[in-house]
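A short write-up of the structure that comes next.
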Amino acid sequence: MPSEPPATPPDARAPGARPPSGSAEDGGVKAVLHHYLKTARRDLRWKLEGLTERQLRTPMTPTGTNLLGVLKHVSSVEVDYFTGCFGRPSGIEMPWFDDDSESNEDMYATAEESVEWVFGLADRCAAASDAAIAELDLTAVGHVPWWTNGTVTLGRLLVHMVAEYQRHLGHADIVRELLDGAAGLAPGNSNLPGEGEDVSADWWAGYTDRLRQIAAGAPDTPHT
């Protein structure tokens, strides 16, 4: 089993905290982008809370999407962008990105990679990324060797990683709901109809059944 990496606590920003304004006095656009990156990390970790190890590892789509693998993947990708691509390697070993690694090895945790180890890895990746982001200007130039046009700025990669996290958060939303029915946008904010009004499971069952009836009456031919 891999040795346990030292962990850095995830960002503790309150769920309801407003993002920075974007003004120069408030840290500028860089502070805004970094806020959304940290918020996305927090929300992804929240989607993994309260599940068993089996649930975290279970593939829920025909292409193997699983929650622990999503966390391993997006954390690994993030730190590679913000450190290695700016000539300041993090020192975090990620053999799943080696040329001789198995396809999709970054998208699941092996039996030897414990849940605690993957969470620790994610903390280390976030800490290394945050350190690099803090020291670099938005206009700092880096290079992504696996992109066709790989010359980029820190600002470009911050936008890219916020988009990357949000895409995978959509995957996590659906996988988590399929696993145990839990749904919601963020800690303390479900963003679902009837929040705080005790909308019942029966209401949701009726709502879903109504959608099925609408779909059943629709043409079963590809839309063009």
Side-chain angles (χ1 to χ4, degrees), residues 1-11 13 27-45 48 64-110 112-172:
M1 178 181 295
S3 60
E4 192 71 24
T8 300
D11 181 64
R13 185 183 297 274
V29 174
K30 177 181 171 182
V32 175
L33 293 172
H34 201 181
H35 164 84
Y36 280 104
L37 177 65
K38 290 180 177 181
T39 300
R41 288 182 195 142
R42 178 206 65 200
D43 293 347
L44 181 57
R45 289 288 285 265
L48 275 66
T65 304
N66 64 96
L67 288 175
L68 196 61
V70 169
L71 179 63
K72 176 182 174 181
H73 164 78
V74 76
S75 301
S76 305
V77 168
E78 173 189 347
V79 77
D80 219 11
Y81 279 129
F82 292 128
T83 63
C85 291
F86 288 95
R88 41 186 301 156
S90 66
I92 299 172
E93 293 186 6
M94 295 183 288
W96 44 89
F97 286 151
D98 291 347
D99 290 341
D100 60 351
S101 63
E102 174 190 296
S103 295
N104 251 26
E105 196 172 337
D106 59 315
M107 294 298 297
Y108 71 97
T110 67
E112 292 73 33
E113 293 168 345
S114 69
V115 172
E116 292 75 19
W117 185 85
V118 175
F119 279 31
L121 171 72
D123 290 342
R124 292 181 68 203
C125 289
S129 295
D130 285 344
I133 293 166
E135 294 177 17
L136 295 169
D137 293 330
L138 277 182
T139 55
V141 176
H143 182 73
V144 182
W146 55 91
W147 286 7
T148 302
N149 183 11
T151 301
V152 296
T153 63
L154 175 67
R156 166 77 170 82
L157 288 183
L158 276 166
V159 171
H160 178 82
M161 274 312 306
V162 170
E164 173 101 1
Y165 261 101
Q166 294 300 334
R167 183 179 178 93
H168 287 301
L169 269 167
H171 300 154

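What's counted below: heavy atoms across the whole structure, side chains too, no hydrogens, waters or symmetry copies. As the structure is a prediction and not an experimental result, all values here were calculated from the model.
Of all non-hydrogen atoms in Ala40 and Gln166, the two that sit nearest each other are CB-NE2, 3.7 Å. Among all heavy-atom pairs drawn from Ala140 and Phe86, the shortest one is O-CE2, 3.5 Å.
Rounded to the nearest 0.5 Å, atoms CG (Asn149) and NE2 (His143) are 9.0 Å apart. Considering CH2 of Trp96 and CD of Glu102, their distance stands at 13.5 Å, rounded to 0.5 Å. Interatomic distance, Leu67 CG to His171 NE2, rounded to the nearest 0.5 Å: 11.5 Å. Atoms CG and CG, on Asp130 and Leu37 in that order, are 7.0 Å from each other to the nearest 0.5 Å. Interatomic distance, Arg41 CZ to Leu44 CG, rounded to the nearest 0.5 Å: 11.0 Å. A distance of 11.0 Å separates SG in Cys125 from NZ in Lys72, rounded to the nearest 0.5 Å.
Of the possible donor and acceptor atoms, one in the side chain of Asn66 sits under 3.5 Å from a partner among the backbone N and O of Gly69. Between the Lys38 side chain and the Ala126 main chain, no donor and acceptor come within less than 3.5 Å of each other.
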- Message: What verdict does the side chain to side chain contact (heavy atoms under 4.5 Å, CB included) test give for Leu138 and Thr153, after you've listed the backbone C-alpha separation in whole Å, the side-chain angles of each residue and the deciding distance to 0.1 Å?
- Response: CA-CA 6 Å; Leu138 277 182; Thr153 63; over 6 Å; no
- Query: What do the steps show when you test Leu121 against Ser76 for side chain to side chain contact (heavy atoms under 4.5 Å, CB included), and what is the final call?
  - Reply: CA-CA 8 Å; Leu121 171 72; Ser76 305; 4.2 Å; yes
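Using a 4.5 Å heavy-atom cutoff, the side chains of Glu113 and Leu68 are not in contact. Contact annotation: the side chain of Tyr108 approaches that of Thr110 to within less than 4.5 Å [non-hydrogen atoms, C-beta and beyond]. A 4.5 Å side-chain heavy-atom check between Phe119 and Ser75 finds every atom pair outside the cut-off. When side chains are defined from C-beta on, Val79 counts as touching Met94, because their heavy atoms get closer than 4.5 Å. No side-chain heavy atom of Leu154 sits under 4.5 Å from any side-chain heavy atom of Glu135. A 4.5 Å side-chain heavy-atom check between Lys30 and Ile133 finds at least one atom pair inside the cut-off.
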Could you tabulate the donor-acceptor pairs under 3.5 Å formed by side-chain atoms of residues 156-165, not counting sequence neighbours?
residue	atom	partner	partner atom	Å
His160	NE2	Tyr81	OH	3.3
Glu164	OE2	His73	NE2	3.2
Glu164	OE2	His168	NE2	3.4
Tyr165	OH	Glu78	OE1	2.7

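Counted within 6.0 Å of CD on Glu93, heavy atoms from surrounding residues, nucleotides or ligands total 12 or fewer; the atom is thus considered open.
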